[in-house]
Protein chains: 2
Amino acid sequence: MSDGAEDIEWRSVCPISSALDLLGDKWSLLVIRDLISHGTRTYSEFRESPEHIATNILASRLKLLTSLGLIERTNPEGAARNNAYRLTAKGEALRPVLEELARWSQAHLKELHRGLVDIL
Amino acid sequence: MSDGAEDIEWRSVCPISSALDLLGDKWSLLVIRDLISHGTRTYSEFRESPEHIATNILASRLKLLTSLGLIERTNPEGAARNNAYRLTAKGEALRPVLEELARWSQAHLKELHRGLVDIL
DNA sequence: CCGGATCCTTGTCGATACTG
DNA sequence: CAGTATCGACAAGGATCCGG
């Protein structure tokens, strides 16, 4: 229960720590990534991503990211069925973070993880 | 047991997902942050950071980051007492990621988290 | 004292089954 | 197809203990 933005507990006033209070888990940024590379994405399209997120986690993250104002539904008034999500400006602004993260992986993770692929 | 780099499970070949497989938690990047802003840091100095990491989590992260080659002890052969940690080149390379993350927080998190402070 | 290790409780993750 | 409900496994967090 409670996947809203209201009851976030900030560990400190540090911007990095605060960003991690919101996005410091293994899934939130992958949802953002999918929206950056595809523009929009429906519930089942998220599930088809190669990391195979569990349905409860996906629902929980979509709810949280929506309440944070990072993503929104393309048709807010419409039915749930086939209703896609997309990034808001605030969510889109995370693009440089993901780009730097991908750049770092490609520069320093190849030896640890053979098969790592090039993107962006 | 097992805070080593050997048994990491990669969810996919995506660089972003792979980076999050290593660093996608609430604490690892804060350890990196402390080393970026202070150069070196001892065990108890890490504990004095405002987020107050628990000792078992700190020890576990230091072990993992060391085995990943992101950090190292300043005096590898010396005693544990007052032996500090510092970043390797691979860890230092994460600086742009943290900078972008801080930039994003300062641009988009002020309304959610009053008291957020400016750094970097 | 300092750098951890251990114990124990609580919370979150994640797989799967299920519902509107 | 878009989510919820349930339950077991595991990680986080706090307290305390131990070795040098």
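Letters A, B, ... are given to chains in the order of the sequence lines, protein chains preceding strands, and every chain is numbered from 1.
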To the nearest angstrom, the CG-P distance between B/D3 and D/dC10 comes to 15 Å

Which of the following nucleotides, C/dG3, D/dA15, C/dT16, is nearest to the side chain of B/T55?
D/dA15

Set out, in order, the CA-CA distance, both residues' side-chain angles and the distance that settles side-chain hydrogen bond (donor to acceptor under 3.5 Å, both in side chains) for B/T88 and B/E72, then state yes or no.
CA-CA 7 Å; B/T88 63; B/E72 63 191 359; over 6 Å; no

Which nucleotide in D/dC1, C/dG4, C/dC2 has an atom nearest any side-chain atom of B/N82
C/dC2

A/K26 NZ to C/dT12 C1': how many Å, rounded?
13 Å

Pair B/K26-A/S17, side chain to side chain contact (heavy atoms under 4.5 Å, CB included): steps then yes or no:
CA-CA 8 Å; B/K26 291 196 185 303; A/S17 146; over 6 Å; no

Rounded to whole Å, CG of B/L58 lies from C1' of D/dT16 at a distance of 17 Å

What is the distance, to the nearest angstrom, from the CD1 atom on A/I57 to the C1' atom on C/dG11?
13 Å

By nearest nucleotide on DNA chain D, pick out whichever of B/R61 and A/K63 is the more 5' one.
A/K63

Residue-level proximity of residues 39-48 of chain A to DNA chain D when a heavy atom falls under 4.0 Å
A/T42, A/Y43, A/S44

For B/D25 and D/dC10, what is the distance between atoms CG and P respectively, to the nearest whole Å?
18 Å

Results of side chain to side chain donor-acceptor pair (under 3.5 Å) for A/N82 - residues two or more places apart only
none

Nearest-0.5 Å distance that lies between atom CG in B/L87 and atom CG in B/L70:
8.0 Å

So which protein N/O to nucleotides 8-10 of chain C N/O distances come out below 3.5 Å?
none

Nearest-Å distance for atom pair CH2/P, residues B/W27 and D/dA11:
17 Å

Nucleotide of D/dG3, D/dG13, C/dT16 approaching B/A54 most closely (side-chain heavy atoms):
D/dG13

B/R11 CZ to C/dA15 P, straight-line distance once rounded to whole Å
11 Å

Separation of A/D21 atom CG from D/dA12 atom P, in whole Å?
15 Å

